[in-house]
Amino acid sequence: MRYDFATPIERRHPENEWSSFKWQRYDDDVLPLWIADMDFASPPAVIEALQARVAHGVFGYGQVNASLREALCAWSETHYGWPIQPEWQLWLPGVVPALHLASLALTEPGDGVLTVTPIYPPFLQVAERTGRLAQRAELRPPQQGDEYWRLDLEALEAAITPRTRLLLWCHPHNPTGRVWSHDELAGLAELVRRHELIVVSDELHADLMLNEGESHRPWAALFPELAARTITLWAPSKTFNVAGLTAACAVISDPNLRQRFAAAVKGLQPDGNVLGLVSAEAAYRHGEDWRQELLVTLRANRASLVDRVARWPGVGMAAPESTYLAWLDLRESPVMQGIRSPQQQLLEHAGVALSDGADFGWPGFVRLNFGTTPSQLEAALKRMDSVLA
Ligand SMILES: Cc1ncc(COP(=O)(O)O)c(C=O)c1O
């Protein structure tokens, strides 16, 4: 390995120094596997580009340059087989703000904003925060003979009303790590077409496919006839561990949709963090070797986790096909019977901080972030043994 994914990096800093939310939220003796950032240093090329920009010393308003736009076009074509144009890109400080802005820009008060659960929690809040109607449909959990979470098209259709306008879609999916099959997506596309929905496709985890040989296919590329009603959201933040630098991109091929979205963004969002933009360009241009080694580490971590979960009676987990998040079903665990919050139980009795499934719309579950060094993951799993084994 050329890069170091094994040596733990101290992310707890003395009070009043800049620290990480992940490591500072809980007591010092807690191991945090909750919020979705990784415990790895970003690619050296990213760090060097940032150092050069910081050395310049002037941090006035930045501008998205042609070189960043070209880097993302090249990344899309190389990795997803989707040729995009520089002018389709609207760079923004974050994906979550973009979800909210899409709701404001593309729907009217009282319109339905639909999503599936379990889901990354901010998806569940967009409708209410923007004065729209929240509409949800549950995914189908793994069943006998089928290890995966599946899209339940009937449930989705049942949740749709004449007021439904917008589908917030997560592809690949946080928290299950699911990479949707072509059949599932084709069924969804048919439904989107029939109900004339606009789709926001949050593809933030697209570059972390864990099954060898698989590559991401953007929703808008799979269904070009729906591209005119699609906003695709990408960012280097998860892949290259630069979430704190706040740079994300909305890719919108249709000029009308782009103009409507851009108008909503005006005044509500700053133009961009110059360091975030610098990091994005460096990551997309020079981060590929690092990403490949990251995937080796994440695949090994996933294997350790799968082995471990198999030893915990009553605990269910479909091996994630993407990203560094795993979704654990603790409802049948004998030690969790009568326990209101398994997340709290594991925090108090194992000293491991996970994300509470209730926030994703499914109490009784927890989400575990395995984007950490193998030794830190092992330490946390050992602690979890003491409760779950
Ligand atoms: C699916 C998904 N969307 C959005 C975000 C957050 O994006 P941002 O930090 O750009 O708002 C996350 C973070 O974990 C995520 O998993």
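Bear in mind that the values here come from a model prediction, so they are computed numbers and not experimental data. These values consider heavy atoms only, across backbone and side chains, with no hydrogens, waters or symmetry-generated copies. Atoms within a ligand are numbered from 1 in the order they appear, just like the ligands themselves.
- Counting only heavy atoms of the protein, atom 14 (O) of ligand 1 lies nearest to Lys238 NZ, 2.8 Å.
- Proximity of atom 7 (O) of ligand 1 to the protein is indicated by at least one non-hydrogen atom lying closer than 4.0 angstrom.
- The shortest N/O to N/O separation between Val95 and ligand 1 falls below 3.5 Å.
- Every N/O-N/O distance between Ser237 and ligand 1 stays at or above 3.5 Å.
- With a 6.0 Å radius and a threshold of 12 heavy atoms from other residues, nucleotides or ligands, Gln337 has its CD atom above the threshold.
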Item to check | Test side-chain hydrogen bond (donor to acceptor under 3.5 Å, both in side chains) applied to Ser67 and Glu281, step by step | outcome: CA-CA 7 Å; Ser67 181; Glu281 187 190 354; 2.4 Å; yes

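- Judged by distance alone, the side chains of Trp327 and Asn174 never bring a donor and an acceptor atom under 3.5 Å apart.
- Distances below 4.0 Å separate heavy atoms of Asn174 from the following atoms of ligand 1: 15 (C), 16 (O).
- Atom numbering of ligand 1 starts at 1 in the shown order; those under 4.0 Å from a heavy atom of His205 are 1 (C), 15 (C), 16 (O).
- Taking the six-membered ring for Trp, Trp234 and Tyr284 have ring centres at least 6.0 Å apart.
- Between Val96 and ligand 1, at least one pair of N/O atoms sits closer than 3.5 Å.
- The nearest protein atom to atom 1 (C) of ligand 1, hydrogens excluded, is given as Asp202 OD2, 3.3 Å; this is a heavy-atom distance.
- Taking atom 12 (C) of ligand 1 as the reference point, the nearest protein heavy-atom neighbour is Tyr120 CZ, 3.3 Å.
- Using modelled atom types and a 3.5 Å distance limit, the side chains of Thr232 and Trp219 yield no donor-acceptor pair.
- No more than 12 heavy atoms of other residues, nucleotides or ligands sit less than 6.0 Å from atom CD of Glu154.
- Using a 4.0 Å cut-off to heavy atoms of Leu204, the atoms of ligand 1 that qualify are 2 (C), 3 (N), 4 (C), 5 (C), 6 (C), 7 (O), 12 (C), 15 (C).
- Looking at Cys170 against ligand 1, only its side chain comes within 4.0 Å, counting heavy atoms.
- Contact check on Lys22 versus Asp39 returns a salt bridge, with a Lys/Arg side-chain nitrogen under 4.0 Å from an Asp/Glu carboxylate oxygen.
- Heavy-atom proximity to Ala36, at under 4.0 Å, picks out these atoms of ligand 1: 14 (O).
- Taking a 6.0 Å sphere around CD of Gln63, one finds it holds 12 or fewer heavy atoms contributed by other residues, nucleotides or ligands.
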